[in-house]
Amino acid sequence: MRSSDVIIQTTTKVVFYIIFLFAIHIFFAGHYTPGGGFVGGLLTASAIVLLLLAFDIRTVKKALPINYTVLIATGLVLALGTASASILFNVPFFTHAYDYFTLPLFGETSLHSAMLFDLGVYLVVVGATMNIILSIGSDD
Amino acid sequence: MSVIIGFLFMAAVYLILSRSLIRVVIGTGLLSHGAHLLILTMGGFSGSAPPVLEDSVTDFVDPLPQALILTAIVISFGVTAVFLVMAYRAYQELETDNMTLLKGNDEHD
Amino acid sequence: MINLLLFPVLIPFLTAMILMFFPKRVSAQRTVTVIGMIASVISSAILLYTVMRDGVQAVTLGSWPAPFGITMVSDPLSAGLVLTSNLITLAIVFYSFRSIGAGREKHFYYPAMMFMLTGVNGAFTTGDIFNLFVFFEVLLMASYVLIVLGGEKRQLRESIKYILVNIVSSAFFVTTVAMLYSVTGTLNMADIAAKVSEIGQSGILTVIAVMLILVFGLKGAIFPLYFWLPSSYAAPPVPVLALFGALLTKVGVYAIMRTVTLLFPHDPGFTHEMLMILSILTVVAGCIGALAYFDLKQIVIYNIIIAVGVILFGVSQMNMAGLEGAVFYLIHDMFIKAGLFMLIGVIIAITGTSNLREMGGLLKTYPALAWTWLVAAFGLAGIPPLSGFFGKLLITQGAFEAGNLWGGIIILASSLIVLLSVIRIFIHAFWGEPKPVKGTSKQIYRGLFVPAALITALTVFYGVGTEWLRPVMFDAAEILHQPSIYIDAVLKE
């Protein structure tokens, strides 16, 4: 698909980062409020799709040289690894741990092991969505 | 709500029984939406309050159906996507999207 | 090790994830798959041993108390089925090396297989009805990939139908779960069972039970709902067919067994009567199909349908003998179907066709294959002391005890037809004038024949070693017969 629309290309360059930042915000909001890995992943995927619409596939591939299958696998490893960590402590599978830390800039924050799981979900969703869209879209 | 669910199921059945492959795919999507809405209505408590339970909160809805729906939505998202890809590949390979031309097995070819 | 019962689910999953990192390196894929499978077989064997020694194992994910969290339960039945499916998958992995082709191996064949095994083991192990739905979807998703892999025209055409049927049945499953939740207010199967026996099985619950039988029957191919199975299963290559035939329908059958015995045992006059009639019709329909075709694949595929009918007939008797026979026959059938499909794969590889009329005289050139086939065929038909005999004996005994004389006679008569259908293959393929065959290299023949012969040998041991296996089967049937053991094991924590 060749498009040379200046307006959409210029807007995309700005909007892509806004969507991406919003996705990250949603992802971190998922602890205690609506949000999380699935929604964040979908938003990120939609940002990449916007890039695909504005430029063509080859350009996007050059800009984001990611193998989406490997992305899925990494996400699955993260998610399963987090859940399986409970096996080492001999507590039921999926039991999560959390603690409060004081981080620079953020102040006191609670860090969950569930966040790593969510990061895994995020990567799986981005990878799977992009894989599907590319497999339909790439042979035109 | 139940009227909407019934309508969704009706539309889904109509679409699934139609000839065009893409309509069938859309029909399965509608069917799963109907099923998801059904879970929502089947929850124990209804109302517009959020599914949050704290000591001071007296008004809340059942959180479990929402969790179930989220899971079911994720699954149906994946399944619909796979089905769509496969329908597209079948269209390319078999050069038709007409379901009546897809019937039979090799012995009738 | 509190998480032991999760290992057979997690190890294939982990293997699949590792495999996804390097899809193009075939030899590495094979090595990792075999290592993962062996680990999985060992863990499930340990699990079965633990379950037999310490009773039913249960773990609730995330340390939530039992009726709220997702519970995974291993009783002798599910542990035995998990071990069986792991062994079969291991054999099919070896079988695939020489038959599936590098093209498929490079396109996520092994990961899809591992994901499917994850789903199968999970569905056998889970104690939560919604989680059962999730594992069903995992295994179906993997099976969609397996059935379409390779992208031949015929595969694409059949997979569209296969996916459509399964999506519709999944939507029904979700609907049924929603209704069940609104009636009982819980999704934990043990808790549902406790609640149902408390409030009594009202009309709406019977409706839900019938809907569940409908949903699982669509996956397990019982009488009016088996229409999709023969043509869909015939489309993919033989290793995939063996995997589907041995595992997929049996998951549906297991789910029916679990739900009718655990959740809805209170209205046998309706649900079990219906199940019995349906299963007899299934047997009859399968027999007609098995005799009607001259195609190797179709004959054995229709034998799957007969077996499903026989197992469910045993379940519907709801007495110890019938249930024990059903458990026996279920595991026997998984092994024997895997063996038979692998053997017809060998025959197809040699002759280059699956049409019986175009082959003959293989007995002279491949005697070992012929006799293995004969043993497997006798095992399928249930000739003592081979594996099918004892299960069928118990099922028939159960039928007579429950007073279903004609049902038992039909089951017995069906074994004759089963024998006829597989012996017909023997007569056409192995006897008669040798016909010109495509032939195959010694190496491929050995690579295909050895796993198939091993599985057949396993079925022989299963039949001869009935006495040693009896305690496992007895415990499994006892839990099906008295669900309170299962309920207590889950809820007592």
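In what follows, chains carry the letters A, B, and so on, assigned in the order in which the sequence lines appear, proteins first and then strands, with residues in each chain numbered from 1.
- Note that CD of B:Glu93 is 15.0 Å distant from CZ of C:Arg154, once rounded to the nearest 0.5 Å.
- Other residues, nucleotides and ligands contribute only 12 or fewer heavy atoms inside 6.0 Å of the NE2 atom of C:His107.
- A distance of 11.0 Å separates OG1 of C:Thr175 from CG of B:Leu37, quoted to the nearest 0.5 Å.
- The structure places CG of B:Leu38 at 8.0 Å from OG of C:Ser182, a figure rounded to the nearest 0.5 Å.
- For the atom pair C:Leu164 CG and B:Met86 CE, the distance stands at 12.5 Å (nearest 0.5 Å).
- Closest of all the heavy-atom pairs between B:Ala87 and C:Ile160 is CA-CD1, 3.8 Å.
- If you measure heavy-atom distances from C:Val168 to chain B, the contacts under 4.5 Å come from both the backbone and the side chain.
- Within the 4.5 angstrom heavy-atom criterion, only side-chain atoms of B:Val82, from C-beta onward, approach chain C.
- The distance from the OH atom of B:Tyr88 to the CG atom of C:Leu156 is 13.0 Å, given to the nearest 0.5 Å.
- Of the residues considered (B:Val79, B:Thr80, B:Val74), B:Val79 shows the highest number of contacts with chain C, using heavy-atom pairs under 4.5 Å.
- Across all non-hydrogen atoms, the minimal contact from C:Ala171 to B:Ala35 is O-CB, 3.9 Å.
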- [ ] Go through the steps for C:Phe130 and B:Thr71 under the test side-chain contact (heavy atoms from CB on, under 4.5 Å), then give the verdict.
- [x] CA-CA 10 Å; C:Phe130 193 77; B:Thr71 318; 3.7 Å; yes
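- Heavy atoms of C:Phe172 lying under 4.5 Å from chain B are absent altogether.
- Around atom OH of B:Tyr14, no more than 12 heavy atoms belonging to other residues, nucleotides or ligands sit under 6.0 Å away.
- Most heavy-atom pairs under 4.5 Å with chain B, from the set C:Val183, C:Val138, C:Val134, C:Ile167: that is C:Ile167.
- In B:Arg23, the CZ atom is not crowded: 12 or fewer heavy atoms of neighbouring residues, nucleotides or ligands sit closer than 6.0 Å.
- Rounding to the nearest 0.5 Å places OG1 of B:Thr41 at 10.0 Å from CE of C:Met179.
- With a threshold of 4.5 angstrom between heavy atoms, C:Ser159 approaches chain B through side-chain atoms but not through N, CA, C or O.
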TODO: Dump the intermediate steps for side-chain contact (heavy atoms from CB on, under 4.5 Å) on B:Leu68 and C:Val174, then the final yes or no.
DONE: CA-CA 9 Å; B:Leu68 299 186; C:Val174 176; over 6 Å; no
